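All values derive from a computational prediction rather than experimental measurement.
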Amino acid sequence: MKLLDAISFFLFLIFVSLTSFAQTKAEHDINVNIPEVALVALHSESEDAINFMATAPNIAGQEVQLIENEHPGFWINYTSVVRNNQRRKVTATVQGEIPAGFEIVLQASEGRGNGKGQLGNPKNKVTLSNMPVDVITGIGTCYTGQGIQNGHLLSYSIGLINDNDLYSQIYQSESSLQIIYTLTDDN
């Protein structure tokens, strides 16, 4: 009996020691949901409109002169969160009729300011029209920072088209145009 009691006592000790070192486990899920984001805004250093003006020549035989033919001063800001391997771009479209004989050219600077992430790559000078034209491409997940001195500086210039038939279509007028910027998927 003593042997059976000793064995029972020994098994009891093993059972107690095993249960005292038993580990329990508890768990729960954490879900992270990051939404897709595509926001764009414009900020001006001075005014909300660009005014280009032409002046009549002083001497007969000269062409019409543009007295203000360049305007830097609008900053484009954007925030973008894309799906995996997706890229975005900014396009510009003219709404309204560009006066005959003139062209409007846009140049976006490299991204600067307080932004982070994969900012886009500006295209070289682009001529604006009533069809969308790519201005900045290759935008990933990023933000440019808000307001002036953040994002890409947009510089505009206007010029006379050096074409006899188009120059002959210039007439006295005032035109009001809008430039529409769209942040859209690039692939």
Can you hop from [X] to [Y] via hydrophobic side chains spaced under 4.5 Å?
| X | Y | result |
| --- | --- | --- |
| I148 | V90 | no |
| I139 | F74 | yes |
| L183 | I76 | yes |
| V105 | L177 | no |
| L106 | F102 | yes |

**Request:** Show your working on side chain to side chain contact (heavy atoms under 4.5 Å, CB included) between R87 and T137 and close with a plain yes or no.
**Result:** CA-CA 8 Å; R87 295 291 174 263; T137 60; over 6 Å; no

Is there side-chain contact between [X] and [Y], with heavy atoms separated by less than 4.5 Å?
| X | Y | answer |
| --- | --- | --- |
| L154 | Y156 | yes |
| L153 | R112 | yes |
| V94 | S129 | no |

**Residues R88 and D186 bridged, charged N to O under 4.0 Å** = no

**Request:** Please step through side chain to side chain contact (heavy atoms under 4.5 Å, CB included) for the pair T144 and L119, ending with a clear verdict.
**Result:** CA-CA 7 Å; T144 59; L119 298 178; 3.7 Å; yes

**side chain to side chain contact (heavy atoms under 4.5 Å, CB included) evaluation trace for Q118 with T141** = CA-CA 6 Å; Q118 188 172 5; T141 294; over 6 Å; no

**Asked** When clusters are formed from ILVMFWY side-chain contacts under 4.5 Å, directly or step by step, what else is grouped with V32?
**Response** I30, I34, V37, L39, V81

Step through the shown structure and confirm whether more than 12 heavy atoms of other residues, nucleotides or ligands are within 6.0 Å of [atom1] on [X].
| X | atom1 | value |
| --- | --- | --- |
| E110 | CD | no |
| Q107 | CD | yes |
| E36 | CD | yes |

**Prompt:** Taking only residues at least two apart or on different chains, which pairs with a member in residues 115-154 satisfy ring pair (Phe, Tyr, Trp, His ring centres under 6.0 Å)?
**Reply:** Y78-H152

